[in-house]
Amino acid sequence: MVYFFEEKEPLDWQEAKAKFHSGEFELLKGRVFNKGFTESVWWFAFQLENPLDSDITFIFNPYSSSHTSWDLFVIDESGELLEASKSGHRVLQKDRPIKYWVVNFELHVPAGESRDFLLRVDARGRPTFTTFYLDLDWDYWWNEIERGFAYGEIAGRTSLIIFLGVVLLLFFKKRLYLYFALYLTADLIILLDIDNYIFSRYEGEVYLLWGPIILPFFSLVMAMFFIDFNLEFFSIRKSQISIYRYFKAWKKILLVLAVLVLTTLVYPDWYGVKILIYEVAILATMATLLAILWQCIRQYRIRSYEALFAFGANFFLAGGMIFYYVSILGWYEAHPLEMYFQGYGGFLHAAILMVGMLHQYHRTQKDKDKITQEQINTEREILKHSIQAQENERHRIAKDLHDDLGGNLALIKLKMELFADKHLGNGDKAEFGDLVSLMEDSCKDLRYISYELMPSDFSSKVLRTMIEELVEKINAQKKLRFSYEVGDFPSLDMDVKINLFRIIKELTNNILKHSQATQAKIKIELDESSKELKLVVEDNGKGIPKEILDGKVTGMGLSNLKSRVNFSNGRLDIQSSGLGTRVSVWVPVGGEGFDSEIGKKKKRIQPHSGLFEP
């Protein structure tokens with residue numbers, strides 16, 4: 001049974017012993033002492049009697065993470081002081097009675113005797129949460145192993161999740177993972193301070209000064225980054241401006257409180273002011289955690305799946321931390337394992353949320369891919385209408401040239417011939433014949449231009465015939481020698497046929513205009529395995545300039561070629577050197593459902609070093 005007494009005025013151990021025996025100490029119900037933050041020094045007293053025939057040694061452990069100093073006085077049956085020892089954060093590890101833990105003492109009770117134990121605790125400016133344990137050696141060390149393992153497990157796994165958050169930050173470069181790692185780090189620091197891990201690394205006057213602010217300060221830090229994380233998780237900045245502004249305003253309040261917490265370092269003995277600031281900081285953090293949970297519920301109407309998942313994950317962290325804060329504030333008689341609630345709560349929250357963020361990223365990528373595909377389809381539809389409009393305009397211009405201007409030129413030629421027969425002599429006719437020949441050439445050029453714009457009878461002719469006619473007209477100009485090789489393949493849809501012919505025309509025009517070639521070849525064949533039509537156009541010219549191939553200079557012809565290949569959902573490969581150019585185009589002709597297979601086909605293209613290389 002443990003008794004406690006609040007020191008109103010400074011007492012020595014004799015005065016405290018007298019008050020204990022006079023009944024002024026109050027009996028502690030249970031093993032937990034918790035009055036919240038305090039400005040007082042507290043005395044505790046208990047008696048042990050050994051009725052056995054042998055001495056007994058106990059390990060006395062008043063478990064607490066914050067008290068400055070603990071003074072233990074051991075008094076025998078006659079009232080004499082047998083031993084006085086010190087522990088707590090003011091006492092360095094090498095000077096503590098048992099060096100393994102911050103506050104613990106070995107208690108020896110001889111056979112057949114009893115002892116009084118008085119414990120003076122300086123808890124001014126700190127929370128009073130204390131759980132009293134009294135164990136035999138074996139039980140104590142076994143419990144310490146279990147406790148150390150539990151904290152190590154929680155801290156280790158939480159550290160791993162923080163590391164994964166940093167990896168995701170570096171990989172995806174999204175602020176969401178930065179906020180995730182930061183607020184989990186603050187939560188981990190609080191957990192380590194509960195277990196006195198930080199003190200064991202930085203014991204001494206530094207920890208005495210900074211130790212009291214670890215809980216309130218890093219609670220506020222955790223709350224601020226927790227706000228940023230949830231705003232980013234739900235994309236509230238973009239969708240709900242008013243809520244975003246409220247949370248940002250609240251975050252500024254948390255920042256001001258964090259600054260106030262730091263100012264308490266300047267006045268370490270102003271216990272009342274310190275306690276007020278610390279309690280307000282903890283209350284503000286609790287309010288933040290509850291507000292985030294409420295926000296998750298509100299988001300259910302907008303994003304039901306994400307909201308339920310976030311609420312489930314955040315509930316563990318909020319529940320564990322609030323349970324811990326309530327016990328630190330002294331609002332109830334805390335459970336001895338309340339630190340485990342905080343630790344496991346934070347770990348489960350982090351683990352679940354990590355899985356959730358990866359799942360959210362997967363869904364986001366699927367949505368992005370869907371939007372990208374929709375954009376591609378829209379662009380292809382726009383390109384289709386654009387090409388269709390070009391074909392219509394070509395048809396109109398070709399028809400106007402052929403029917404109107406062509407007819408007028410033919411009529412002018414006929415009248416010139418009649419005029420010559422009627423009015424000119426034989427000598428003048430020869431000179432006038434040159435004009436008639438020029439007119440004849442103009443008519444031929446007009447017919448060629450008209451054919452260039454719109455080959456006649458597109459709907460009835462097969463692609464092989466159209467290529468034959470094109471090659472004949474090119475060879476008739478006697479600028480270079482064109483050959484062709486057309487394999488067997490089924491009849492093509494009108495759109496595919498027109499677009500493929502336009503690609504061939506674009507390539508032949510480029511060869512005629514720019515290549516300075518003497519030979520060229522068109523080859524087209526069907527790949528039965530992939531249901532793709534393969535077109536190869538090559539020449540022995542000077543090649544395409546490197547700046548055009550590298551995209552530094554954009555040519556209209558190459559741009560049109562790429563647009564038409566993209567419109568056909570095809571693929572393009574260009575190989576060029578000083579020995580010539582080879583352009584390969586693969587166009588799918590397999591019908592619906594075939595487009596998804598195109599990306600899976602990869603063709604190995606041999607390097608081109610000369611014309612018609614096998």
Side-chain angles (χ1 to χ4, degrees), residues 33-34 36-42 61-72 85-105 119-131 144 147-148 151-152 154-156 158-159 185-222 257-279 281-282 285 321 324-325 327-329 338-339 342-343 346:
F33 175 77
N34 189 9
F37 283 87
T38 183
E39 299 181 56
S40 302
V41 171
W42 296 86
N61 178 215
Y63 187 94
S64 175
S65 63
S66 64
H67 300 165
T68 302
S69 64
W70 300 72
D71 296 291
L72 180 68
S85 55
K86 292 179 176 292
S87 189
H89 289 147
R90 189 170 294 280
V91 181
L92 300 181
Q93 183 176 0
K94 61 183 180 63
D95 299 324
R96 294 200 293 267
I98 299 179
K99 297 176 175 55
Y100 180 74
W101 195 239
V102 178
V103 181
N104 44 27
F105 302 91
L119 189 67
R120 183 181 184 274
V121 179
D122 184 357
R124 290 174 293 181
R126 299 166 181 253
T128 57
F129 171 80
T130 307
T131 306
E144 282 300 299
R147 180 204 58 77
Y151 271 100
I154 296 169
T158 305
S159 299
T185 300
D187 176 64
L188 180 62
I189 291 173
I190 295 172
L191 175 67
L192 294 176
D193 188 55
I194 293 173
D195 193 43
N196 276 298
Y197 179 85
I198 297 176
F199 168 71
S200 65
R201 292 293 177 271
Y202 304 101
E203 60 180 357
E205 293 299 323
V206 173
Y207 185 83
L208 282 174
L209 180 64
W210 289 85
I213 75 166
I214 290 177
L215 172 62
F217 180 77
F218 283 100
S219 294
L220 293 170
V221 171
M222 179 189 67
L257 288 174
V259 173
L260 288 176
V261 170
L262 291 177
T263 60
T264 61
L265 296 173
V266 182
Y267 306 102
D269 296 330
W270 291 16
Y271 301 121
V273 175
K274 289 172 59 175
I275 291 172
L276 176 62
I277 294 174
Y278 296 166
E279 289 180 340
I282 291 174
T285 302
M321 291 303 299
Y324 174 60
Y325 291 141
S327 67
I328 287 298
L329 293 172
E338 57 85 23
M339 286 77 80
Q342 186 269 339

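Along the sequence shown, the residues carry numbers beginning at 1.
Contact check for W270 versus T264: no side-chain heavy atoms found under the 4.5 Å cut-off. L215 is listed as a side-chain neighbour of Y324, based on a closest heavy-atom distance under 4.5 Å. Inter-residue side-chain proximity for T68 and R124 is flagged as unmet; no heavy-atom pair is nearer than 4.5 Å. Side-chain contact between D95 and K86 is absent, with no heavy-atom pair separated by less than 4.5 Å.
With sequence neighbours excluded, the residues forming a side-chain contact (heavy atoms from CB on, under 4.5 Å) with P212 are R126, Y278, listed by chain and number.
Sorted by first then second residue, the side-chain hydrogen bond (donor to acceptor under 3.5 Å, both in side chains) pairs that include residues 205-220, not counting sequence neighbours, are D193-Y207, S219-Y325.
Annotation: the span from I214 atom CD1 to I194 atom CD1 amounts to 11.0 Å, rounded to 0.5 Å. Here N61 contributes atom CG and T130 contributes atom OG1; the two are 10.5 Å apart, rounded to the nearest 0.5 Å. How far CG of D71 is from CZ of F105: 7.5 Å, rounded to the nearest 0.5 Å.
Side-chain atoms of H89 come within 3.5 Å of backbone atoms of H67 as a donor-acceptor pair (strictly under, hydrogens ignored). Side-chain atoms of S40 never come within 3.5 Å of backbone atoms of W42 as a donor-acceptor pair (strictly under, hydrogens ignored). Looking at D187, its side chain never comes within 3.5 Å of a backbone N or O of M222 through a donor-acceptor pair. Of the possible polar contacts, none joining the T158 side chain to the A155 backbone as a donor-acceptor pair under 3.5 Å is found. Of the possible donor and acceptor atoms, none in the side chain of T128 sits under 3.5 Å from a partner among the backbone N and O of F37.
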